[in-house]
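Reminder, nothing fancy here: chain letters follow the sequence lines and each chain counts from 1. Note that this is a predicted model, so its numbers are computed, not measured.
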Amino acid sequence: MDALETFRQETREWLEANCPPSMRTPMPEEESPWGGRNAQWPNPDSKKWLDAMASRGWTAPTWPMIYGGGGLNKDEARILQQELGRIKARPALTSFGIWMLGPALLEYANEEQKLEHLPKIVRGEIRWCQGYSEPGAGSDLAGLQTKCEDKGDHYLVNGQKIWTSYADKADWIFCLVRTDTSKKHDGISFLLFDMASEGVEARPITMISGASPFCETFFTDVKVPKENLVGELNKGWTIAKRLLQHERDMISGMGLGGGSAGGLGGLEKAAKDYYGTDGEGRVASPALRERIAQQKMDGRAFSLTLARSMQEAKAGQGSGAASSIFKYYGTELNKRRYELLLDVLGTQALGWEGDGFKQDELDVTRSWLRSKGNSIEGGTSEVQLNVVAKRVLGLPD
Amino acid sequence: MDALETFRQETREWLEANCPPSMRTPMPEEESPWGGRNAQWPNPDSKKWLDAMASRGWTAPTWPMIYGGGGLNKDEARILQQELGRIKARPALTSFGIWMLGPALLEYANEEQKLEHLPKIVRGEIRWCQGYSEPGAGSDLAGLQTKCEDKGDHYLVNGQKIWTSYADKADWIFCLVRTDTSKKHDGISFLLFDMASEGVEARPITMISGASPFCETFFTDVKVPKENLVGELNKGWTIAKRLLQHERDMISGMGLGGGSAGGLGGLEKAAKDYYGTDGEGRVASPALRERIAQQKMDGRAFSLTLARSMQEAKAGQGSGAASSIFKYYGTELNKRRYELLLDVLGTQALGWEGDGFKQDELDVTRSWLRSKGNSIEGGTSEVQLNVVAKRVLGLPD
Amino acid sequence: MALVLNEEQQLLRDTAMQFFQERAPIAQLRKLRDSKDATGFDRALWREMANLGFAGILISEKYGGTDFGPIGLGVVLEQAGRTLAASPLVSTVLLGGSAIQLAGNATQRQEYLPAIAAGECLLALALEEGPHHNPTHITTKAEAEGSNFRISGEKVFVLDGHVADYLIVAARTSGKENDRNGITLFLLDAKTKGITITRSHMVDSRNAASITFDNVEAGNAQVLGSVDGGSDVLDQVLDIGRIGLAAEMLGLVQEAFDKTVEYLKERKQFGVPIGSFQALKHRAAVMFAEIEICRSVVLDALTALEERRNDVPLMASLAKARLAETARLVTNECLQMHGGMGMTDQFDIGLFMKRARVAAVTLGSADYHRDRYASLDGF
Amino acid sequence: MALVLNEEQQLLRDTAMQFFQERAPIAQLRKLRDSKDATGFDRALWREMANLGFAGILISEKYGGTDFGPIGLGVVLEQAGRTLAASPLVSTVLLGGSAIQLAGNATQRQEYLPAIAAGECLLALALEEGPHHNPTHITTKAEAEGSNFRISGEKVFVLDGHVADYLIVAARTSGKENDRNGITLFLLDAKTKGITITRSHMVDSRNAASITFDNVEAGNAQVLGSVDGGSDVLDQVLDIGRIGLAAEMLGLVQEAFDKTVEYLKERKQFGVPIGSFQALKHRAAVMFAEIEICRSVVLDALTALEERRNDVPLMASLAKARLAETARLVTNECLQMHGGMGMTDQFDIGLFMKRARVAAVTLGSADYHRDRYASLDGF
């Protein structure tokens, strides 16, 4: 048996022994394992599962072991994923630290910073949030104004962020601050600090969907130790851009749910249920049926384009230009899908709460409202089109 | 009997006596009475009819009699229209002189110019064309470069026009020329000259529809008498704008053919003929049926908007802002209508000539191609949207 | 054809504009929503509206109404749409009141119309039985029992159903599930035994209810119009409702658009107002064109009602379909143009989008009305 | 799933690209059109294409083909689409050749396939009987008479029908007008007595013909496939045709778009390149996205054919519908962006629009294929 097979065997056995049965069921949103100082564990198994995985560094399988990671190579990591999938295991940790900050620290931080922060991320001890957007600078992210002054033995931060996801629940923030007002992109630095610092206040924002995942976050004379600067002073934009690309890729994937309608089955199943069928089993509304066909075609076409892009990258072919449309196309597709679902469900998609609506129906309503943000967050559709026009098509300014 | 009734009575009798029977039938395009020095009269009645009408000045019913016009007041002119309509009389004269140049001369020309040109327009003796657009200046009409130099006793014109309608058949041209290169709008003058002048050449342009109504027109050292300047030197833009508004209004009306499909009946009749009907008499293709309904609704809505605008103007109500959308909306609507007709007729809308296609079908094909120009000529859709954004919505530059 | 308002109508518009902006601004809708108000609108405000004559606008003076007519009502609804004002205008005036006007006998008219005009009687039309508008799909049964009827069935999306004093119920007295004939309208006290009303909370923070009828007894006197002949009445009533909703939606899209144009002028990005970006300019200009088109359609549909033209059904479907599509376009575009701020509950634009979607499906979606338009137009 | 080309396919693409650009540029189409060429394409060029292996691309080496397979063919068609090259690729290779490959008996294969591969035999599929694609609506009758058949009826829009050496005719041997069963394919010499061929001049300057069959005699040997079983063959043949046309349209939209982007950079208005206007930039970027999406669809549809996947019909309808819509969008937008010049025959963009519309309706419009997609997908 080769080494990989051995690894698979051992992994399988370990998972069998350490993944609690309740962690092999679909995860309700309130049981998301965000970790952190004030973590809630409505299901105690979640904590057990996190600790077990973290003990092997498998919450961050490919990070070096010296930073608490699993130290797996690509093949091993793939096997771990497959084995986790096989038993339908829940993620052990939901974490901006793992997805976003960690990779940036690995690339740009100094050794002390890595040793300080990465292990705590792996173990879910510290929950991170991202301080990028500001009220005055939406699409113009680099126009940010949060001031960071060098006070000799510390930095002093003053300003305001917005759209800080879960800032009210996070322990630390990775934050873009302005350290030079005379330049735009070259006056931005990448700073880490404790959300418990004096002068930090996070106020949740109620969204049109009724949820409050984002905050306005205010910094008033927040003192930050100088060792918390990542990378060079005024070179934070480089790190920020890397993180942004990552965020965009995640959002683009939303268009892929071409046919899904939550618990209601695919679009076409929902249409049959809510509109009925004609004598030949077709959706009874021809207009709706045509739009569903269009939507499903577009969804299929988009996922084929994602696949093509990956194959091209692998084969070293193509310009990679196709990837520039993903964020735009994926999010617009997702928004159209929800509009279509509204048409399919009729008045049942327009409830807010209480009697008369199934949970699946209420979920559609809230998700429809949420979907409107897709083409704004992570770079608006307008910004994406600007980028395509300029960088891909070479159209002049 | 009041004066108007008397006028109606007399008009009716005069028309009865002077409108030849063949002039009361639908007019084939080749019999269009353009007049001019080289007029063709495939039907000699056309000439008789023109001469009769011109003798009373009724080719330009409201122009003063001193310039050869009919000298009718508004009410009389309306009655003349009604009586012409009653007997389905053809127009006696098809003329850019009547529609475009005449009104401009009446407003801006000096007495000698009016006496010289207007009577010849009324009698159809001189056929005019319009020299506005230039190859280098499409939407940016005022960027025109055709040079007009003051040579003491004459002007010298050099340059090139494009989209000159029927320049190859016209006797004279009314032309925008640059008389001051240091200013843009205030360096343009409005000049009249004979197309038979030395140095004038008109080359017909073949369009995608196969027709050649437009020319490229070249001016090489064309000498123009100084008395042919209309209005003040460098003030031609004022005259041009007035004429352009008139042109736009004519083009906007194209969207009104909401349901018509030439000789094929309305869109819905054509759809029934070319697609068949289902058991309940509906157009057999539900997708097409829905689009036809959409198109008919939009057509109805647009004509209601034209009507509202007129009523508002009459009542002194409203801002008149609605009229700013007419050119844009009407032409886009017309283009959509022809695309829809293509869908309705299938392969029968895609013939070019010869066997296998009815004339009505071939007309649809050519008209579809022609319709594409609607949103370009007389101010592109993009220019129209710019204007709405700026002037109506007050959005900043 | 009157596509402009006369002086009286202009006066009414100005009154209504001032009234809704001062007495029923969007803040009021938020208050009702956030306090989880049991009624879902402000009863005191409704009395004020009645005092201004809005409740009796379609009712003749003989019955205490103001008889301003459909155009007058449209003018009021447009202004109500601008501030998203919640009121029983649709349930009680457009639908309930019209049904009694059109089909009620002398006794019924005398009993209900003055009370409606005075703002003292709320009505609801219990029609729909599924998630999509379908006025001939009636399975709620009214079985004759001597000179009485026994009604059983279930209705959904009954606007203002939980606060109505009286319900107008469409029930089947003969024919099959989807037959146009055989539907009878009953006018029932909402407190009649066997009626169970459950309030639904809609995304636009307005009211609707699910109502079950369990062997509910109704006498001959409670039949509105003729037995089996309900569809003829319904058709007219629904068209009034559709055109009224279109007028409300016109106000809604106009206000959402106006707010957005202001935002485009104020909000700066990259150092300039975002309204200076040509792509946004063109999209704004396209919206402007669509709204102007819609305004003409609504005015003509109201005029058709007022002049009792025979193309009322066609114009009702045109208006409802056209406004639904434009409201979708405009609210989506406006939300996007507001960027992140538009996604917050703090900004009003989301409220416009929510109301737009509910109004769009009420009494028939754009799909429904395009199909109906084609059928009415014979193709 | 192969959404990238392998080395062999890349080589073929480069060969094809060079060939069409040098030997069959758009100027050649103009020449054929303006000279009112009787054939409608260049026979010498077709032989050159055959020499390069294009004519035998779907034919196995055993019969003299190159057997590059569907992806190879798609690669060639895309390049042909870029220069609007007129050739019998659709009529003879996609449709006729495939039909004989799929349904022909040993004798028929031996007789026709090598000739096709050599560019010496032209075929046409006589299928349509009305203005809209409808492969089961067959009224042309083939009545059995002993062991022979007598064919009567009329066909329209037969691609290359006026120059084909042989016609494949779909005729009804049993069943009713719209039955899927009962259709039989016959392979007839175009010069057979009773066949009258009238050339149609299409807007894209390519060929089609109307063909009448008046008591045309056909023997058993001329049946292609089984009697009454033509639809099974047709389905496969038509899907090959649809996917091939989608590949051609991909080249067409890509080229029209590329030309337009160049124009946007060159053409100046108000002192700046029109490509600097944001509204045009966004519209160009949207087109770019649509074209990238289309490219993936075409590649996957070709792959489905190549790998004989069972979702070929679904992918054929997806590809045909998607490309038709995108071609309409792109050619309309490109024409508008070219302004007045785009309206002249001198510029090529109008030619792209004309070809786009004909290709869009050939073997089924977007409407047809959306409907088919939904049916195939079970809703």
Close contacts, residues 256-278 of chain D versus chain A, judged by heavy atoms under 4.5 Å: D:F257, D:V261, D:L264, D:K265, D:P273, D:G275, D:S276, D:Q278

Answer with yes or no whether the side chains of A:R242 and A:T238 bring together a donor and an acceptor at under 3.5 Å. no

Looking only at heavy atoms and a cut-off of under 4.5 Å, which of A:A301, A:S381, A:A271, A:P286 has the most pairs with chain D? A:A301

Validation row: D:L314, A:R300 side chains within 4.5 angstrom (heavy atoms): yes

Measure A:V387 against the heavy atoms of chain D and call it side chain, backbone, both or neither at under 4.5 Å. neither

Leading residue by heavy atom contact count with chain A [cutoff under 4.5 Å; candidates D:S375, D:S317, D:A321]: D:S375

Looking only at the side chains, is there a donor atom on one of D:S296 and A:T305 sitting less than 3.5 Å from an acceptor on the other? yes

If we count only N and O atoms by modelled type, under 3.5 Å, do the side chains of A:W368 and A:E339 hold a donor and an acceptor together? yes

When you measure from the side chain of A:D278 to the backbone N and O of A:E280, does any donor-acceptor pair fall under 3.5 Å? yes

Would you name the heavy atoms of A:S309 and A:F326 that are closest together and state the gap between them? CB-CZ, 3.4 Å

Side chains of A:Q359 and A:D363: do they bring a donor and an acceptor to under 3.5 Å? yes

Side chain, backbone, both or neither: which part of A:E382 has an atom under 4.5 Å from a heavy atom of chain D? both

Counting only heavy atoms closer than 4.5 Å, note whether A:S324 contacts chain D via side chain, backbone, both or neither. side chain

Proximal component of D:R370, with respect to chain A [non-hydrogen, under 4.5 Å]: both

Find the one option among D:A374, D:A366, D:G378 whose heavy-atom pairs under 4.5 Å with chain A are most numerous. D:A374

Honestly, the part of A:I325 sitting under 4.5 Å from a heavy atom of chain D is side chain

Residues A:E268 and A:K272 bridged, charged N to O under 4.0 Å: no

Interface residue of largest heavy-atom contact number with chain D, from A:R282, A:K314, A:R289, A:E312, under 4.5 Å: A:R289

Taking atom types as modelled, is there a side-chain donor on D:R295 or D:Q254 under 3.5 Å from an acceptor on the other? yes

Using a cut-off of under 4.5 Å for heavy-atom pairs, which of D:R283, D:M315, D:E325 has the most such pairs with chain A? D:M315

SB check D:D239 D:K320 (cutoff 4.0 Å): no

For chain D, the option from A:V388, A:L395, A:D397, A:T277 that forms the most heavy-atom pairs under 4.5 Å: A:L395

Any D:E8 side-chain heavy atom under 4.5 Å of D:N6 side chain: yes

Return the option, out of A:A293, A:P396, A:G281, with the maximum number of heavy-atom pairs under 4.5 Å with chain D. A:P396

Does any backbone or side-chain atom of A:Q317 lie under 4.5 Å from a heavy atom of chain D? Answer side chain, backbone, both or neither. side chain

Side-chain (D:E248) to main-chain (D:L77) donor-acceptor, under 3.5 angstrom: no

